[in-house]
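The figures here come from the full heavy-atom set of this structure, side chains too, leaving out hydrogens, waters and symmetry mates. Letters go in sequence order (proteins before strands), and every chain restarts at 1.
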Amino acid sequence: MRDILQSLKFITLLFVIAAALLVAGVVQQANAAEPKNPNTFNRLLTPKKPFNLPPAEDGYHDPEGEGVAYLQPPKEAFKDLVKSNVGNHVDWVKSLETGKINPRFDRLDPKAKPIVMDLNIVREVKGSMPNVVYPHKQHTEWLDCSNCHPAIFIPQKGANQISMAAILMGQKCGVCHGKVAFPITAKTCRKCHSQPKGKKKGKAKKTAAKKQE
Amino acid sequence: MNHATRCGRRFALLLALAGTLWLTGQPVQAEYGDLVLNENAEKEGMPPVIFPHWFHRIRFRCKVCHADLGFQFKAGGSGINMLKIIDGQYCGACHNGEIAWSVENCNICHSGKPGLPTQVIGSRLGKLAPPGPTQGQQK
């Protein structure tokens, strides 16, 4: 008898919760239907979102799927890596340089070493932004020449038309940056635009030539 | 405590949890660089595949997949399917029980929510609220 009473109590409690949720839901919907204040402080800026969420909570993995429990939460993997404030919130270049990670260059041979080429290409930028230094070194740590040449870039200095618009549309540097390599945001402009412009016009070119030697 | 009350309590807890998530508007943000691959999976009755770039780049350089194994720089662009995978191509070059766990663990790859289209989870930084006579409120 007591058991039945207790169950009943719980069922009533459930009903109360369900009713409360329903009311809250209706209120929320009503709010969404007619926006209250047209002069909120931020109209367009979206609130900061949490990052490195565990798979079951990231909105893409199905939390009911049988495999999700096996997946590693990114935070656990990134614990000892060098941090950044964009993308995966990992500085992949520094994590590699400092040996925090040692990804294989060959599928089978853990000892295979990458063929790294140290060649900077300076691209003079119109307007006020610093010149772009494209570093082959950091790229060939990860990538093969054939990943970029010739499909994305003709291997000849200045032979390629590159613009910010194209990059933001996912072409040229934007094939990778903004998708898997670090994204294009105000926090990363200077990673690419890293060479201050010389006062004289010829100066940037000279340093460029020197760097290539 | 008997079974019914225990169940009831658990259920109430679950409901409350679900309720709070629902009320606060669950934040949605998969890991940067994750891919959803769903060219055929869902059409053929399997959930979409979610491929984590971050997990694999800790173990392999891009070159291994994008030069040696022929993955294109475009989600859905390489024509991956299960036959090629069991024949040792694409994911099957590693998910063969030797380099990594094998294909019979369907749900570890096919782990996406139903209905997701093929896509790359790119940068959301600086993305604006949708235009229109609205407010700063956003999901």
Side-chain angles (χ1 to χ4, degrees), chain A residues 3 6-7 10-11 13-14 17-18 21 24 28 35-38 40-47 49-53 55 58-62 65-68 70-72 74 77 86-88 92 101 103-107 114 141-144 146-147 175-176 178-180 183-186, chain B residues 2 4-5 8-9 11-12 15-16 19 22-23 26-34 36 47 50 53-55 57-64 66-69 73 93-94 99 105-114 116 120-129 133-138:
Chain A
D3 283 352
Q6 274 216 331
S7 322
F10 259 96
I11 290 166
L13 189 75
L14 283 185
I17 290 175
L21 283 178
Q28 202 190 26
K36 325 128 268 181
N37 181 1
T40 51
F41 185 80
N42 287 117
R43 284 184 59 247
L44 297 177
L45 180 70
T46 51
K49 288 188 173 169
F51 54 86
N52 299 153
L53 293 171
D58 71 3
Y60 284 77
H61 290 87
D62 187 349
E66 286 161 46
V68 176
Y70 290 96
L71 298 175
Q72 185 178 36
V86 293
N88 300 116
W92 292 104
I101 56 172
R104 290 188 186 183
F105 187 68
D106 185 89
R107 182 171 57 102
E141 282 282 357
W142 293 95
L143 293 148
D144 189 73
S146 70
N147 285 136
V175 169
C176 300
K179 310 276 180 50
V180 176
I184 319 283
T185 81
Chain B
N2 74 351
T5 40
R9 217 166 258 180
F11 187 57
L15 243 173
W22 175 43
L23 285 179
Q26 196 192 4
V28 166
Q29 178 70 79
E31 192 56 36
Y32 180 71
D34 275 8
V36 179
I50 298 193
H53 260 110
W54 64 268
F55 182 91
R57 74 181 293 186
I58 289 175
R59 291 160 176 78
F60 300 97
R61 316 225 177 191
C62 327
K63 172 258 184 194
V64 173
H66 288 290
D68 300 350
L69 297 177
F73 283 133
C94 300
I99 298 176
N105 303 290
C106 315
N107 296 320
I108 303 187
C109 290
H110 291 274
S111 64
K113 275 190 178 163
L116 292 173
V120 51
I121 309 302
S123 173
R124 302 277 164 86
L125 276 174
K127 285 272 153 68
L128 301 180
T134 40
Q135 15 48 41
Q137 279 263 350
Q138 249 252 322

* Asked: Heavy atoms, side chains only, cut-off 4.5 Å: are Asp62(A) and Pro47(B) in contact?
  -> no
* Is there side-chain contact between Tyr60(A) and Ile50(B), with heavy atoms separated by less than 4.5 Å? -> yes
* Check: Glu141(A) main-chain N/O paired with Arg61(B) side-chain donor or acceptor under 3.5 Å -> yes
* To do: Please state whether the side chain, the backbone, both or neither of His53(B) comes within less than 4.5 Å of a heavy atom of chain A.
  => side chain
* Asked: If you count heavy-atom pairs under 4.5 Å between each of Pro103(A), Gly65(A), Gly67(A), Ala186(A) and chain B, which one has the most?
  -> Pro103(A)
* **Modelled atom types, side-chain donor and acceptor of Asp58(A) and Gln29(B), under 3.5 Å** => no
* **Whether Asn88(A) side chain and Tyr32(B) backbone form a donor-acceptor pair below 3.5 Å** => yes
* With distance as the sole test, does Arg107(A) use its side chain to make a donor-acceptor pair with the main-chain N or O of Val64(B) at under 3.5 Å? -> no
* Residues two or more places apart in sequence or in another chain: which of them pass ring pair (Phe, Tyr, Trp, His ring centres under 6.0 Å) with His110(B)? -> none
* Asked: Most heavy-atom pairs under 4.5 angstrom with chain A, which of His66(B), Arg59(B), Arg57(B)?
  -> Arg57(B)
* Do you know which of Val68(A), Asn147(A), Val175(A) has the most heavy-atom pairs under 4.5 Å to chain B? -> Asn147(A)
* Asked: Side chain, backbone, both or neither: which part of Phe105(A) has a non-hydrogen atom closer than 4.5 Å to chain B?
  -> both
* Asked: Side chain, backbone, both or neither: which part of Phe60(B) has a non-hydrogen atom closer than 4.5 Å to chain A?
  -> both
* Go through the atoms of Asp34(B) and report whether side chain, backbone, both or neither lie under 4.5 Å from a heavy atom of chain A. => side chain
* Asked: What heavy-atom pair brings Asp144(A) and Ala67(B) nearest, and what distance separates the two atoms?
  -> CB-CB, 3.8 Å
* Asked: Using a cut-off of under 4.5 Å for heavy-atom pairs, which of Cys176(A), Pro55(A), Gly178(A), Ala77(A) has the most such pairs with chain B?
  -> Gly178(A)
* To do: Could you look at Ile108(B) and say if it's the side chain, the backbone, both or neither that has a heavy atom under 4.5 Å from chain A?
  => both
* Engaged part of Leu143(A) at the chain B interface, taking heavy atoms whose separation is under 4.5 Å -> both
* **Ile99(B) portion near chain A, given a 4.5 angstrom heavy-atom threshold** => side chain
* Kindly determine whether Gln72(A) and Trp54(B) satisfy side-chain contact (heavy atoms from CB on, under 4.5 Å), including the steps that lead there. => CA-CA 11 Å; Gln72(A) 185 178 36; Trp54(B) 64 268; 3.9 Å; yes
* Structure fact -> Interatomic distance, CD@Glu66(A) vs CG@Asn105(B), rounded to 0.5 Å, equals 11.0 Å
* Asked: For Phe51(A), what residues pass the ring pair (Phe, Tyr, Trp, His ring centres under 6.0 Å) criterion, not counting sequence neighbours?
  -> His89(A)
